[in-house]
Amino acid sequence: MSRKVLPPRTLSIAPMLDWTDRHYRYFARHITRNTWLYTEMVTTGALIHGDVARHLRFDEAEHPLALQLGGSDPADLAKCARLAQEWGYDEVNLNVGCPSERVQKGAFGACLMAEPHLVADCVKAMRDACDIDVTVKHRIGIDDVEHYDFLREFVDIVAGAGCQTFIVHARNAILKGLSPKENRDIPPLKYDYAYRLKRERPDLEILLNGGIKTQAEIDLHLEHVDGVMVGREAYHNPWIMADWDARYYGDTGPAPEREAVVAAMLDYTRRELAEGNKLRNITRHILGLYQGVPGARQWRRMLSDAALLAGADEKLLLQAIPPANYGLLTD
């Protein structure tokens, strides 16, 4: 089977539950052509026993695209990895980083860092079941286990099963006593752990995640690791991605324009509404498009107003455009 030529994982958008659904990903893809996009975490049970199309459907424009899976049973993960390939995903990623109690009860997520041999078994089963890349996203430690050797041993064992790409969320996961939100903020960031891992394991692809917000921070991290994964900043301030293609991929294609993004979302929204989808499920993901632009408040207010959304169609996007930019789309 010939493999698709894909851009490197220099930049990627983190998988974020309730946020990186297919509507957000379609929107983000019209700002950056090369950045890797990741789905929300999908559990193996949801795919094996649920509506596969609802979870795996995506638009071809979204490539390069990775499916993130949550699970700990090698056989189930193998089935889902095979599904990922059949549906056309470019990568399948195993979640070993989510600290929520619900995920812990399912015996997957960050608690799996305590069972590296099981993670290795999962990776091997997934790799045997598909030809696309199998990657792992994980923390640097769990609870009060904070020494670097724990991270290195985990990575070495999983790499022994054939995993070449590790996405390091550079915080510990505190499994008891902190909420998922607190786990994103309270445990200290230790970027030097990821830096050291790359120095000591140069043959592995090491991507860094956690608290990254600015271009300067991205540039600094890329001096030490192979790629950077940005999370909430890319969601709330999506125009941060506007120069990534040129800056990090040497892409000489046309630079994105906000009004071209709106035009693409108009057509997309029209199609989605015709299928019975709700306008608010799309507009909630694009509120940050005009952040920092005069009139941005109007854009956010109109696209989040329940009364307006209830009776509106895709034309609401045109009505919400900040006045100084409206003519650029309608001329």
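- With D59 contributing its side chain and E62 its backbone, the two residues share no donor-acceptor pair below 3.5 Å.
- Although no hydrogens or angles enter the test, the distance criterion places a donor-acceptor pair under 3.5 Å between the side chain of E217 and the main chain of T214.
- With rounding to the nearest 0.5 Å, the separation of CG in L175 from CD1 in I142 is 5.5 Å.
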Worked check of side chain to side chain contact (heavy atoms under 4.5 Å, CB included) between V228 and L222
CA-CA 7 Å; V228 168; L222 287 175; 3.9 Å; yes

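- Across G211 and L189, no two heavy atoms sit closer than the pair CA-CD1, 4.3 Å.
- Sorted by first then second residue, the side-chain hydrogen bond (donor to acceptor under 3.5 Å, both in side chains) pairs that include residues 8-19, not counting sequence neighbours, are R9-E91, R9-D133, R9-E205.
- Here the shortest heavy-atom pairing between P238 and G288 reads CD-O, 3.4 Å.
- N183 places a side-chain N or O within 3.5 Å of a backbone atom of I174 that can act as its donor or acceptor partner.
- Using a 4.0 Å cut-off between charged nitrogen and carboxylate oxygen, D21 and R25 do not count as a salt-bridge pair.
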Go through it in stages, so that I can follow the logic: the residues are Y249 and L11, the test is side chain to side chain contact (heavy atoms under 4.5 Å, CB included), and I'd like the CA-CA distance, side-chain angles, deciding distance and then a yes or no.
CA-CA 9 Å; Y249 289 94; L11 271 296; 4.0 Å; yes

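- Screening N95, T135, T20 for a side chain to side chain donor-acceptor pair (under 3.5 Å) involving Q68 leaves a single residue, N95.
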Would you sort out whether E314 and R270 count as a salt bridge (Lys or Arg N to Asp or Glu O under 4.0 Å), showing the intermediate values?
CA-CA 6 Å; E314 74 280 355; R270 187 180 301 113; 3.2 Å; yes

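- Formation of a donor-acceptor pair under 3.5 Å by the R171 side chain with backbone atoms of R184 is found in this model.
- Between the side chain of N209 and the main chain of M229, a donor-acceptor pair closer than 3.5 Å is present.
- Contact annotation: the side chain of Y148 never approaches that of I140 to less than 4.5 Å [non-hydrogen atoms, C-beta and beyond].
- Residue Q215 qualifies as enclosed at atom CD: its count of foreign heavy atoms under 6.0 Å is above 12.
- Side-chain contact of H63 with Y89: a donor-acceptor pair under 3.5 Å is absent, judged by distance alone.
- In R280, the CZ atom is not crowded: 12 or fewer heavy atoms of neighbouring residues, nucleotides or ligands sit closer than 6.0 Å.
- Summarising the geometry, atom CG belonging to L47 is positioned 10.0 Å from atom CH2 belonging to W87; distances are rounded to the nearest 0.5 Å.
- Contact between A194 and V225 at its shortest, heavy atoms only, is O-CG1, 4.0 Å.
- When the salt bridge (Lys or Arg N to Asp or Glu O under 4.0 Å) test is applied to E272, the partners found at least two apart in sequence or on another chain are R22, R57.
- Under a 4.0 Å N-O distance rule, the pair D192/K190 does not qualify as a salt bridge.
- Residue D226 holds its CG atom at 12.5 Å from CZ of F166, rounded to the nearest 0.5 Å.
- N172 and D143 form no side-chain donor-acceptor contact under 3.5 Å, judged by distance and modelled atom types alone.
- With contacts defined as side-chain heavy-atom distances shorter than 4.5 Å, the pair P322/P294 does not qualify.
- The structure places CD1 of I13 at 12.0 Å from CG of L65, a figure rounded to the nearest 0.5 Å.
- Close placement of the H285 and Y235 rings is indicated, their centers lying within 6.0 Å of each other.
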May I have the step-by-step check of ring pair (Phe, Tyr, Trp, His ring centres under 6.0 Å) for Y191 and H224, ending in yes or no?
CA-CA 10 Å; Y191 296 133; H224 302 278; over 10 Å; no

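- The aromatic rings of H147 and F150 stand perpendicular to each other, their planes meeting at an angle above 60°, with 30° marking the opposite boundary.
- Of all heavy-atom pairs between I48 and C80, the closest is CG1-SG, 4.0 Å.
- Within the 4.5 Å cutoff, the side chain of V123 has heavy atoms near those of the V136 side chain.
- M113 has its side chain within reach of R139: a pair of non-hydrogen atoms, C-beta onward, lies under 4.5 Å apart.
- R300 contributes no side-chain N or O that, together with a main-chain N or O of L287, makes up a donor-acceptor pair within less than 3.5 Å.
- Note that CD1 of I157 is 12.0 Å distant from CZ of R152, once rounded to the nearest 0.5 Å.
- One finds a salt bridge joining D219 and R247 here, because a Lys/Arg side-chain nitrogen approaches an Asp/Glu carboxylate oxygen to under 4.0 Å.
- For the pair L273/Y268, no side-chain contact is recorded, criterion being any heavy-atom separation below 4.5 Å from C-beta on.
- For the pair P7/W36, a side-chain contact is recorded, criterion being any heavy-atom separation below 4.5 Å from C-beta on.
- For Q85 (side chain) and D131 (main-chain N/O), a donor-acceptor pair under 3.5 Å exists by modelled atom type.
- The shortest side-chain heavy-atom distance between V155 and L151 falls under the 4.5 Å cut-off.
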Just do the side chain to side chain contact (heavy atoms under 4.5 Å, CB included) check on F154 and V119 with the steps written out, would you?
CA-CA 9 Å; F154 172 84; V119 176; 4.0 Å; yes

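- When atom types are taken as modelled, the side chain of W299 and the backbone of I286 share a donor-acceptor pair closer than 3.5 angstrom.
- Of all heavy-atom pairs spanning L37 and A28, the tightest one is CD2-CB, 4.2 Å.
- L112 approaches S72 most closely through the heavy-atom pair CD2-CB, 3.9 Å.
- Of the possible donor and acceptor atoms, none in the side chain of K315 sits under 3.5 Å from a partner among the backbone N and O of L266.
- In this structure, F27 has its ring center at least 6.0 angstrom away from the ring center of H23.
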Stepwise side chain to side chain contact (heavy atoms under 4.5 Å, CB included) check, L67 with N93
CA-CA 6 Å; L67 170 67; N93 175 265; over 6 Å; no

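- Electrostatic pairing of D128 and K124 counts as a salt bridge here, judged by a charged N lying under 4.0 Å from a carboxylate O.
- A salt bridge between R196 and E200 is present, with a side-chain N of the basic residue lying under 4.0 Å from a carboxylate O of the acidic one.
- Here the CG-CD1 distance, from L303 to I282, works out to 11.0 Å after rounding to the nearest 0.5 Å.
- Taking the side chain as every heavy atom from C-beta outward, I218 and W244 approach each other to under 4.5 Å.
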